[in-house]
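Labels below follow one simple rule: chain letters A, B, ... track the order of the sequence lines, proteins then strands, and each chain is numbered from 1.
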There are 2 protein chains.
Amino acid sequence: MSVQERKQRERAERERLILATARELAEESGWDAVTTRRLAERIEYSQPVLYSHFRGKREIIGAVALQGAAELAVALRAATSAADGPRARVTALARGYLDFATRNPAVYDALFQLDGGLAYAQEDTPEPLKDGFAALLETLGEVAGDGVHPALFTEVFWASLHGLATLTRAGRLLPEDAESRVELLVDRLAVV
Amino acid sequence: MSVQERKQRERAERERLILATARELAEESGWDAVTTRRLAERIEYSQPVLYSHFRGKREIIGAVALQGAAELAVALRAATSAADGPRARVTALARGYLDFATRNPAVYDALFQLDGGLAYAQEDTPEPLKDGFAALLETLGEVAGDGVHPALFTEVFWASLHGLATLTRAGRLLPEDAESRVELLVDRLAVV
DNA sequence: ACTTGATTCTAGCATTGCTAGACAACCAAG
DNA sequence: CTTGGTTGTCTAGCAATGCTAGAATCAAGT
């Protein structure tokens, strides 16, 4: 048995290596640069090995997205926990979210821009994704306002953040006024 | 001279054909399906002809994006002109925007998701893009609220709409509650 | 030592964006 | 009409992509 166990361990280790390398490559030069050949070369295996772990490139993106969702949830909870009062928590949440998108553009792309073959907003949505949304909901639910469904409010707030994040990163919005935009958004949307 | 003029006309006509076909193909099966080979075949010319009109695929996307920007501006002005009062105009604007994104997903992608090699939010930004933003500003400037820069407010509102549009289309938000989200957004962001 | 079964690699397919160089069509001058 | 040159278009090909079939290799158990 121990032989098989060792093999399984090694296999799991290699899978981690693949994902870490894919992410590294993507953050370095974008997901377009993550070709199966380059990835295979970096992990010092041949291409077909990748396909023994993942169905294809899409599934690799999906796996990175799941990692990212978990990290995003952690980052959001860390950001809000330091703040006092609902209003301050929402501001911290917004800043934390945009910060995450700026600092991990490739992971953010995997999560919300690219096709990783994941199911969103459904029953079979993977746990990390649900938890990411839950992290948003925890803080935003407090400021949804009377008669407004917390989940609906969270969706709208999230969409706004997402819009700011993507438009800024795509050069459609200048980064200078990022902070003013966040303040305006929180001021208007959150009911305190 | 008339010979040259005819040739120029024919050339311009063919350029229109290329763009219309690219757009058609993109709306049919997404921009990934718009390959230079398929495009060339549809217009019944060989691939290199495309490169005598555009530097490459990116520039074709950019050209479609410019068309789209002009159409979006028209659509937004048409939507708002029928509404009475600032509040109704903003609602109409939001609906019109999301409608445009839903009805022309490929064009919307060319405009705001893909790289068409265009400059945004700068001096050398092409006129149609500036005008698209202007169309938003005309209606949103009215409801920015005291002490809030109209352009800043427009950016935030636009980002929210963009977030709703992209997340919905990518399956990250369910389309059922689209209308509720718009109402909530307008209610909170617009100062009437 | 040998066989068997899993694992990994080499080599290749079809498709992509893009381009060089051959070829043909056309127009102006003789 | 013929010729010469320009302009335009096409054929053929490159390197890179995602993915896969089948050969080669390695390790485990007898």
Side-chain angles (χ1 to χ4, degrees), chain A residues 1-19 21-23 25-26 28-65 106 109-110 114-117, chain B residues 1-19 21-23 25-26 28-65 106 109-110 113-118:
Chain A
M1 285 300 123
S2 123
V3 170
Q4 291 190 7
E5 282 174 16
R6 192 205 65 217
K7 288 203 174 185
Q8 274 194 335
R9 266 203 318 277
E10 287 174 352
R11 218 186 129 70
E13 179 51 39
R14 194 173 59 182
E15 190 154 319
R16 269 193 295 277
L17 177 62
I18 292 173
L19 289 181
T21 308
R23 185 169 169 171
L25 254 168
E28 270 175 31
S29 1
W31 278 102
D32 276 352
V34 184
T35 69
T36 55
R37 277 172 181 78
R38 246 193 292 270
L39 185 48
E41 201 191 353
R42 280 235 188 159
I43 64 169
E44 295 181 310
Y45 280 93
S46 70
Q47 281 179 283
V49 165
L50 301 175
Y51 292 87
S52 79
H53 287 268
F54 304 95
R55 277 177 189 282
K57 190 180 170 179
R58 165 199 295 214
E59 215 171 71
I60 294 178
I61 295 175
V64 170
D109 280 348
L114 301 175
D115 178 14
Chain B
M1 282 300 122
S2 125
V3 171
Q4 289 190 11
E5 280 173 18
R6 193 204 67 217
K7 288 205 173 181
Q8 273 194 337
R9 266 204 318 274
E10 286 172 356
R11 216 184 131 71
E13 180 49 41
R14 193 172 62 182
E15 190 155 317
R16 269 193 296 275
L17 177 63
I18 291 174
L19 289 181
T21 308
R23 186 169 169 172
L25 254 168
E28 268 174 35
S29 359
W31 278 102
D32 276 352
V34 184
T35 69
T36 54
R37 276 173 182 75
R38 247 192 292 269
L39 185 49
E41 202 190 352
R42 281 235 187 160
I43 64 169
E44 296 181 309
Y45 280 94
S46 70
Q47 280 179 284
V49 165
L50 301 175
Y51 292 87
S52 79
H53 287 269
F54 304 96
R55 276 177 188 282
K57 190 180 170 179
R58 166 198 294 210
E59 215 171 70
I60 295 178
I61 295 175
V64 171
D109 279 348
Q113 300 266 97
L114 302 175
D115 179 13
L118 302 176

Distance check needed: [N] [atom2] versus [X] [atom1], whole Å only.
{"X": "Glu10(A)", "N": "dT8(C)", "atom1": "CD", "atom2": "C1'", "answer": "14 Å"}
{"X": "Glu15(A)", "N": "dT8(C)", "atom1": "CD", "atom2": "P", "answer": "13 Å"}
{"X": "Leu50(B)", "N": "dT16(C)", "atom1": "CG", "atom2": "C1'", "answer": "14 Å"}
{"X": "Ile18(A)", "N": "dT8(C)", "atom1": "CD1", "atom2": "P", "answer": "10 Å"}

- To the nearest 0.5 Å, atom CG of Leu17(B) lies from atom OH of Tyr45(B) at 8.0 Å
Please enumerate all protein N or O atoms sitting under 3.5 Å from an N or O of nucleotides 5-7 of chain C, with distances to 0.1 Å.
none

- Establish whether the base of dC18(C) is bridged to the side chain of Gln47(B) by a donor-acceptor pair shorter than 3.5 Å. yes
- Task: Return the residues of residues 29-42 of chain B meeting this criterion: a heavy atom under 4.0 Å from some atom of DNA chain C. Order them by number, or give none.
- Result: Val34(B), Thr35(B), Thr36(B), Arg37(B), Arg38(B)
- Note on the structure: Here the residues of residues 51-61 of chain B within 4.0 Å heavy-atom distance, strictly under, of DNA chain C are Tyr51(B), Gly56(B), Lys57(B)
- Note on the structure: On a heavy-atom basis, the closest approach of Ile61(B) and Gly116(B) is CG2-CA, 4.1 Å
- For Trp31(B) against Ala106(B), the heavy-atom pair lying closest together: NE1-O, 2.8 Å
- Item | Nearest to side-chain heavy atoms of Ser46(A), which nucleotide of dT19(C), dT9(D), dC9(C) | dC9(C)
- Residues two or more places apart in sequence or in another chain: which of them pass salt bridge (Lys or Arg N to Asp or Glu O under 4.0 Å) with Arg16(A)? Glu13(A)
- Does Glu28(B) CD have over 12 foreign heavy atoms under 6.0 Å away? yes
- How sharply is the helix from dA1(C)-dT30(D) to dG30(C)-dC1(D) bent, taking the axes over five pairs at either end and rounding to 10 degrees? 30°
Using residues 34-41 of chain B as the side-chain source, report each donor-acceptor pair under 3.5 Å to any protein atom, sequence neighbours left out, with the distance given to one decimal.
from, atom 1, to, atom 2, distance (Å)
Thr35(B), OG1, Arg38(B), N, 3.1
Thr36(B), OG1, Gln47(B), NE2, 2.8
Arg38(B), NE, Ala33(B), O, 2.7
Arg38(B), NH2, Ala33(B), O, 3.4

- Heavy-atom distance under 4.5 Å between the side chains of His53(A) and Arg11(A), does that happen here? yes
